[in-house]
Amino acid sequence: MSDSLLIVGSVAYDTVETPNGARMDALGGSATFAAAAASLFTPVDLVGVVGDDFNVADLDFMTARGINLAGLEVRKGGKTFRWSGVYETDVNIRHTRSTDLNVFADFNPTLPASYGSDDVVFLGNMLPSLQQRVLEQTTNPLWIALDTMDLWINTTRDELLDVMREVQMIIINDSEARLLTGESNLVRAAHRVLELGPTAVVVKKGEHGVFLVMEEGYAALPALPLENVVDPTGAGDAFAGGMLGALNATRDFSLDGLRRAMAYGTATASLTCEAFSVDALKSANRDELNHRYNRLRKIASLPPVSG
Ligand code: AMP
């Protein structure tokens, strides 16, 4: 038994250009964003790999926040995963310039014995066979969530479907849901994903928010309106991290519990967009998140019918 949230994924250096500026070799990666967000709610056990070019001091803020880095392998002579992207004036449009997997190419996720058995698990975006390897090392978690991307849907579909059958929640963006199911209608696509085996499917729609489908019903939330998007990199991972961090703190997997957690994920995603890299998540605190949660509550609530 452990009260920590297990997060497995990439730890990277990102080079990013947005209409608001540029950053070279900034801290990034799916596990990094997810852990930075989740640690605002709950202790985190992180599993990832970096090269010996990685400045471990970049993660000091994580240790200070209760993120356990015993599962972060520092590969001697290896180079850290690097990703580079550029955003158009419409920041919803992103082009990947380069992806250098480096040490992430032969990542062999290993859960240290000291992590114990974490009941809530986030499998960040990576090769489905690696997600499977993580599951083989866990003991009956209560709630496993999985993220993926178009690359794995296109190249390792069968392996991905196998892992999907073993998880409770799939977090996917709108275009990936369409690609995975061949359904152009998003509601139908989400239902097809639900038929693959999970208890809940969360579909991310960028600045248009997010919706959740499960047997008990639907939940939907808008994104928090932002007047200035500095860098949206990692918003999807910060959403997942915030949502799972909040879920791990309550362990309430009902529709209402998931709706509340989804609102906290929306709050951590909005923070991420307001600065480069993990900068905004680093300086945030629970009060800031509760403030955003309450703003979202107001935006999302409706008065009774008028007639
Ligand atoms: P998002 O903006 O939520 O799609 O996440 C972007 C983050 O994902 C960046 O910090 C990248 O370092 C990381 N990333 C990009 N491509 C990959 C990949 N193929 N595998 C794992 N992580 C990736």
Side-chain angles (χ1 to χ4, degrees), residues 7-18 22-38 46-51 54 58-59 62 79-88 91-107 109 122-131 134 145-156 160 171-177 179 202-207 210 223 229-244 265-266 268-282:
I7 295 181
V8 188
S10 60
V11 177
Y13 280 135
D14 292 342
T15 294
V16 176
E17 204 179 308
T18 81
R23 278 283 180 95
M24 240 186 104
D25 285 343
L27 184 61
S30 60
T32 311
F33 281 105
L46 186 140
V47 172
V49 63
V50 291
F54 190 80
D58 283 349
L59 302 182
M62 290 202 167
K79 225 181 143 196
T80 300
F81 173 45
R82 277 173 171 73
W83 175 82
S84 168
V86 57
Y87 291 84
E88 292 191 8
V91 289
N92 296 302
I93 307 172
R94 170 169 91 185
H95 304 281
T96 291
R97 276 186 171 148
S98 60
T99 303
D100 299 314
L101 292 175
N102 301 325
V103 292
F104 200 57
D106 52 4
F107 180 37
F122 176 53
L123 301 171
N125 169 29
M126 60 187 157
L127 204 64
S129 57
L130 297 185
Q131 296 178 318
V134 174
L146 166 152
D147 187 14
T148 193
M149 70 188 291
D150 51 358
L151 177 65
W152 312 128
I153 298 171
N154 284 323
T155 61
T156 54
L160 179 61
I171 303 176
I172 196 165
N173 72 28
D174 41 8
S175 61
E176 292 158 356
L179 179 68
V202 177
V203 181
K204 298 175 289 179
K205 300 183 294 167
E207 67 173 342
V210 66
V229 175
V230 174
D231 175 14
T233 307
D237 303 308
F239 169 82
M243 178 171 184
L244 286 157
T266 299
T268 46
S270 74
L271 263 171
T272 303
C273 295
E274 288 180 346
F276 280 96
S277 181
V278 288
D279 291 359
L281 289 170
K282 239 189 211 178

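Each ligand, and each atom within it, is numbered from 1 in the order the structure gives.
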Self-check item: Atom indices of ligand 1, in the order listed, that fall short of 4.0 Å to a heavy atom of Phe33
Solution: 10 (O)
Exercise. Kindly indicate whether the side chain of Lys79, heavy atoms from C-beta on, has any atom under 4.5 Å from the side chain of Val103.
Key: no
Quiz prompt | Closest protein heavy atom (residue, atom, distance) for atom 16 (N) of ligand 1 | solution = Trp83 CD1, 3.7 Å
Practice problem: Starting from atom 23 (C) of ligand 1, find the nearest protein heavy-atom neighbour and note its residue, name and distance. | Solution: Phe81 CE2, 3.5 Å
Quiz item: For ligand 1, is any non-hydrogen atom under 4.0 Å from Asp237's backbone (N, CA, C, O), its side chain (CB onward), both, or neither?
Solution: both
Quiz prompt | Numbering as shown, the atoms of ligand 1 that approach Arg94 to under 4.0 Å (heavy-atom distance) | solution = 1 (P), 2 (O), 4 (O)
Exercise. Using side-chain hydrogen bond (donor to acceptor under 3.5 Å, both in side chains) as the criterion, list what pairs up with Ser277, not counting sequence neighbours.
Key: none
Quiz item: Looking at Gly28, which atoms of ligand 1 are within less than 4.0 Å of one of its heavy atoms?
Solution: 10 (O)
Quiz item: Under 3.5 Å between some N or O of ligand 1 and some N or O of Gly29?
Solution: yes
Practice problem: Give a yes or no answer on whether the side chain of Thr80 reaches the backbone of Ala12 with a donor-acceptor pair at less than 3.5 Å. | Solution: no
Exercise. Any chance you could measure Leu271, atom CG, to Lys282, atom NZ, to the nearest 0.5 Å?
Key: 14.0 Å
Quiz item: When you look at Trp152 and Asn125, which way does the side-chain hydrogen bond (donor to acceptor under 3.5 Å, both in side chains) test go after all the steps?
Solution: CA-CA 9 Å; Trp152 312 128; Asn125 169 29; 2.9 Å; yes
Quiz prompt | Proximal ligand 1 atoms for Ala12, defined as those under 4.0 Å from one of its heavy atoms | solution = 12 (O)
Quiz item: What atoms in ligand 1 come closer than 4.0 Å to a heavy atom of Met149?
Solution: 19 (N)
Exercise. Check the pair Tyr13 / Arg82 against side-chain hydrogen bond (donor to acceptor under 3.5 Å, both in side chains), numbers first and verdict last.
Key: CA-CA 5 Å; Tyr13 280 135; Arg82 277 173 171 73; over 6 Å; no
Practice problem: Among all protein heavy atoms, pick the one closest to atom 22 (N) of ligand 1 and tell me residue, atom and distance. | Solution: Ser10 OG, 2.8 Å
Self-check item: salt bridge (charged side-chain N to carboxylate O under 4.0 Å, His left out): pairs with one or both residues in residues 231-241, sequence neighbours excluded
Solution: none
Practice problem: Would you mind listing which atoms of ligand 1 come within a distance below 4.0 Å of any non-hydrogen atom of Gly234? | Solution: 1 (P), 2 (O), 3 (O), 5 (O), 6 (C)
Self-check item: Working for side-chain contact (heavy atoms from CB on, under 4.5 Å), residues Val11 and Phe81
Solution: CA-CA 7 Å; Val11 177; Phe81 173 45; over 6 Å; no
Quiz item: So does Arg94 pair up with Glu88, basic N to acidic O under 4.0 Å?
Solution: no
Quiz item: Nearest to atom 9 (C) of ligand 1, what protein heavy atom do you find, and at what distance?
Solution: Asp14 OD2, 3.2 Å
Quiz item: Which of the atoms of ligand 1 are close to Phe104, meaning less than 4.0 Å from one of its heavy atoms?
Solution: 20 (N), 21 (C)
